[in-house]
Amino acid sequence: MRTQEQPILPLTAFRRAQIHQILTEYGDKEVRASSRSRQYESDNTADGGPRDLRLHTLPMINGGQDDRSDVIQTMEKLRRLIPDRESLSSISQHQAALNEEIVTIKSEILALKQELLRDQDPERMQLVQSLIGQLIQQINIIREKAAEAEAIVKNITSDIQRLDIAKRNLTGAITAVKRWNMMLQASQQLKQLLPSRQYEQTANSLSAVLHLSVPLRPLAANPSAAQVFQDIQEAQMQIKEKVSQELDGFFIPNPNHPPNLNFIKEACLVVDVLGDDYRNHIIDKYIATELRDYRRIFSAGEAAQIDNFARRYAWFRRLLKTYDEEHAAIFPPAWNLGKCLITKFAESTRSDLVSALEREKPNVNVLLETWQSTTEWESQMARRYNQPIDQVLGISNATISSALSSHFHIFTEAQDAALSGMLSAYRGSKSRPSLEGVSVMDSGESPVAILPSSTELFYFYAQTLEQCGRYTTGKGMKDLADVFRKWLRIYSDDVLIASMKRPESRRSFDGRPNVQEIRNACLTLNTADYCLQTSLQLEERLKETIDEAYKDQVSFEQEQEQFVGVISACLLVLQKELEGACEPAFAAILKTPWINLENVSGRSAYVVDLVGSIKQVAELVKERLEQKKYMRSFADRAAGAILHRFTAAVIKSRPLKKIGAEQILLDVQAVKACLLELVDSSSEKSYAIYSKLVLKSTGQLETLLKVVLAPDDPPEGFVQNYCLLIGDKSFSNFQKVLDLKGTPRGNQQKLLDIFLSVTATQDDLQDTSFLTQLDMEPEHKTGQAERSLLAPGLGLKTGVTTPQRTETPTPFTDFKRLVSFAMRGET
């Protein structure tokens, strides 16, 4: 305690404001004086004159560093005062103004220094220090008072704390005494119940004893208490033995002394009280007893073979029925004894199945029967508890069916063999006769649209995929998809493409179309299109069914490209048949003496035959093609081939002279009209594109013929006519026209000289034209139609070899774009 109370000086608001005002005024005045001083030094030189304008002569301020902002402000002020040379005349006026400003600033600095000296009075500083000392003294006094108050509070509450501790100890002692007495009473009651079979009262007493003994366990160090705990433990062991004997009599009943189910049900209550370990021991013992016959029956011999696994599930269903009817009501629901039975049976059966699969390789029927019976049993168990089978068993990837997944290759190998047998009749040398048989047997009224083997193939695919989906949607389905892909490739190569290969000796050159070949090509094309579309649907269905991990590995793109290639090959066969049918007409063009014609006499005889052959083949194709979009593709090829061959025949028939050119020009009109009829005009967009291509190609031929039939006298008029119709200044192209006309060599030189002089003055002429691509020595070769004037740049390919997946474009890529183009046109 303090012997003498020191006075606590009240720190009033007025005193605090007075100290703050003194400190603030002192600091502000010092800052203003320092700022004025720096400004004065920065604006003046040592002799009081104006500063030099050069940057390197500016003084150092702010602790010896360049104040760049002050420099910039000074320079800007000088630029405003002296903006140009003319303003130098008034520099004396500016200097006077600056001197006046310097005098003013000096006056202000002097006043501020005097004010600073006045404010630095020692008496005012002593007053401030005195007030600060008083404030610190008051803070120390307050701290001492707080410590004294805390000591007083502790002295007051120490007795209360001791009372609280005594109360807790007394309460704990009373509770322990009560628990001890209750435990002794429960222990005495338990000893009295030991000789009897009152298991329900025994369970209650034992539960009370065990519950009360837990907090009293620290008393076991006392000898008297230790004896009580030992007696309780001995009683617990006696109860375990008695309950075990009771349950053993239930697990293996004596026919002469059947167990009392009420005693068994009450004994299970005692098992619950004895702890989890003992309860699990009883459950395992019950399950082992129930499955003892299962191990005895199915562990060896014929019953252990894979084809007898369905008997195992039937046996367990009977066991489970017995459990539901007789035992389920005896055991507590919390034991989940039914799930335990299912789990143990599944573990044992799965182990036996793995061993059996290692011993022998089952055939596919046995495998699927076992798999089906297994999945049915697992589905039934899952429905029993309204949970997935993994949750029922409590262990993931421990189902019986999971042991069969690694052997699903047996199923896929069986499907591979089945497909091989199914398609063996259509492959190799048998493919052609079978195809012809289909075509011959069908009637004209209802022709067969596609090969029946293709529908059989995809029907088999659908059935197999549905069957596979019942067993697995993982790797097994992915392997099955690979088998599907394999046989799609084989079907494309060995059935469809092989059906179009034939010896050249069968080729007919009599001008009549080979109807059977056209029907076969159309049938094959329809089949390839059906396979193409159905394989797309098959791929989509697989991706919808298969697991997410394997979805990206399912792709039929390569097989679909092969079917596109088959379609291209079929169109090529139809084109070649059309060319063969038109061959006599083209031969007639070469035999016609065009140079000797005297007049134009309507359509030529060869045109009638040519148009008739085109229409005959087109009608056969149109009748047999299932998808009309391919009629447009055929028309493109047909028009290109016909116009190419027609143009080649005309060129080889030179010289034409005027009458011959007029006659051929008339014949071209008939061919053009025939070609325009190949595409149905009801599809306006497709017909517009096709007709534009035909008109462009025939228009070029017509233009060429018009130039040929033009008279070459006067020569200047002939050259002008050429420039107007052809529109190029190519010397070689003009030479081609002269060759077609049969112009004598002597006259050609004069025309060529005039051509050079005329084209030299016309800047609007092009360097090339359609005549640049005109071959004056044409020879008919396979695939020439693809280089015709009709479809430049379409890139039609005629190869039918199976493409391999590489980084480079396949032979079918361009034609796939053409087919897509035709489909868009039809749409």
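FYI, the numbering just counts along the sequence from 1.
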Answer yes or no: is there a donor N or O on one side and an acceptor on the other, between the side chain of N181 and the main chain of V177, under 3.5 Å?
yes
Look up atom CE in M182 and atom NE2 in H211, then write down how far apart they are to the nearest 0.5 Å.
8.5 Å
Nearest heavy atoms of I287 and C340, plus distance in Å
CD1-CB, 3.4 Å
Without swapping roles, check the side chain of S402 against the backbone of T399 for a donor-acceptor pair under 3.5 Å.
yes
Can you check whether Q463 reaches Q467 side chain to side chain, under 4.5 Å on heavy atoms?
no
For residues V392 and T343, report the shortest heavy-atom separation together with the two atoms involved.
O-OG1, 3.8 Å
Looking only at the side chains, is there a donor atom on one of R295 and S348 sitting less than 3.5 Å from an acceptor on the other?
yes
Is it true that, when you exclude H409 itself, more than 12 heavy atoms of the residues, nucleotides or ligands shown sit nearer than 6.0 Å to its NE2?
yes
Could you check whether any side-chain heavy atom of Q387 comes within less than 4.5 Å of a side-chain heavy atom of K339, counting everything from C-beta outward?
yes
Non-hydrogen atoms of V566 and S492 that approach each other most closely:
CG2-OG, 3.4 Å
Do the non-hydrogen side-chain atoms of L247 and K285 ever get within less than 4.5 Å of each other?
no
OG1 on T472 to CG on L480, rounded to 0.5 Å
10.5 Å
Check the surroundings of atom NZ in K475: do more than 12 heavy atoms from other residues, nucleotides or ligands lie under 6.0 Å from it?
no
Are side-chain heavy atoms of M381 and L393 found at a separation under 4.5 Å?
no
NZ/NE/NH1/NH2 to OD/OE distance under 4.0 Å, K486 and E559
no
Passes side-chain contact (heavy atoms from CB on, under 4.5 Å), Y530 versus F563? Steps please.
CA-CA 9 Å; Y530 167 77; F563 289 124; over 6 Å; no
Aromatic centroids of Y294 and F345 separated by under 6.0 Å:
yes
Any donor-acceptor pair under 3.5 Å linking the side chain of Q236 with the backbone of L274?
no
Residue pair Q415 / F460, side-chain heavy-atom distance below 4.5 Å
yes
Main-chain N/O of G421 paired to S424 side chain as donor or acceptor, under 3.5 Å
yes
Yes or no on side-chain contact (heavy atoms from CB on, under 4.5 Å) for D479 and F411, after CA distance, side-chain angles and deciding distance?
CA-CA 10 Å; D479 295 339; F411 175 78; over 6 Å; no
What I'd like to find out is whether the side chain of D547 reaches to under 4.5 Å of the side chain of K551, using heavy atoms alone.
no
May I ask you to check whether Y491 and W487 place their ring centres under 6.0 Å from each other?
no
So, do C268 and W335 sit near enough that their side-chain heavy atoms are less than 4.5 Å apart?
yes
Check: L532 main-chain N/O paired with S535 side-chain donor or acceptor under 3.5 Å:
yes
Separation between CG (L193) and CG (L206), nearest 0.5 Å, reads 10.5 Å
Verify the distance criterion only: is there a donor paired with an acceptor across the side chains of E539 and Q560 at less than 3.5 Å?
yes
Nearest non-hydrogen partners of H407 and L367, listed with the distance:
O-CD2, 3.5 Å
Any salt bridge linking R384 with D324? Criterion: basic side-chain nitrogen under 4.0 Å from a carboxylate oxygen.
yes
To the nearest 0.5 Å, atom NE2 of H327 lies from atom NZ of K265 at 14.0 Å
Residue list, side-chain contact (heavy atoms from CB on, under 4.5 Å) with T545, at least two apart or on another chain:
T473, M477, R541
Considering the options L525, D529, N526, I567, which one meets the side-chain contact (heavy atoms from CB on, under 4.5 Å) requirement together with Q627?
D529
Please check: side-chain N/O of D416 versus main-chain N/O of T412, any donor-acceptor pairing under 3.5 Å?
no
CZ of R485 to CG of L538: how many Å apart, nearest 0.5 Å?
11.5 Å
For E360, I'd like to know if atom CD has over 12 heavy atoms of other residues, nucleotides or ligands within 6.0 Å.
yes
Would you check if T171 and K167 make a side-chain contact, meaning some heavy-atom pair closer than 4.5 Å?
yes
Nearest 0.5 angstrom please: Q305 CD to D352 CG, how far?
13.0 Å
Does the side chain of E378 pick up a donor-acceptor pair with the side chain of S401 at under 3.5 Å?
yes
Nearest heavy-atom neighbours spanning A267 and V243:
O-CG1, 4.0 Å
Sub-6.0 Å ring centroid separation between F331 and Y286:
yes
Without swapping roles, check the side chain of T374 against the backbone of T370 for a donor-acceptor pair under 3.5 Å.
yes
Tell me if the centroids of the rings in F309 and W371 come within less than 6.0 Å of each other.
no
Heavy atoms of other groups near M422 CE, more than 12 under 6.0 Å:
yes
State whether the side chain of N363 and the backbone N or O of V366 hold a donor-acceptor pair below 3.5 Å, judged by distance alone.
yes
Start with the C-alpha gap between T527 and V495, add the side-chain angles, then the distance that decides, and say whether side-chain contact (heavy atoms from CB on, under 4.5 Å) holds.
CA-CA 10 Å; T527 305; V495 178; over 6 Å; no
Please name the pair of heavy atoms, one in I389 and one in A382, separated by the smallest distance, quoted to 0.1 Å.
N-CB, 4.0 Å
Aromatic ring centroids of F458 and Y461 under 6.0 Å?
yes
Ignoring hydrogens and angles, tell me if any N or O in the side chain of Y278 forms a donor-acceptor pair with the backbone of K240 under 3.5 Å.
yes
If you count the non-hydrogen atoms of other residues, nucleotides and ligands that lie under 6.0 Å from CG in N386, is the total more than 12?
no
Strictly distance-based, threshold 3.5 Å: is any side-chain N or O of S454 a donor or acceptor partner for the main-chain N or O of I450?
no
Take I282 and F251 through the test side-chain contact (heavy atoms from CB on, under 4.5 Å) and record every step on the way to the result.
CA-CA 10 Å; I282 295 299; F251 296 157; 4.1 Å; yes
Q562 and D493: side-chain donor and acceptor closer than 3.5 Å?
yes
Between Y199 and E246, does any side-chain donor sit less than 3.5 Å from a side-chain acceptor?
yes
So, R317 and Q380: side-chain donor and acceptor under 3.5 Å apart, yes or no?
yes
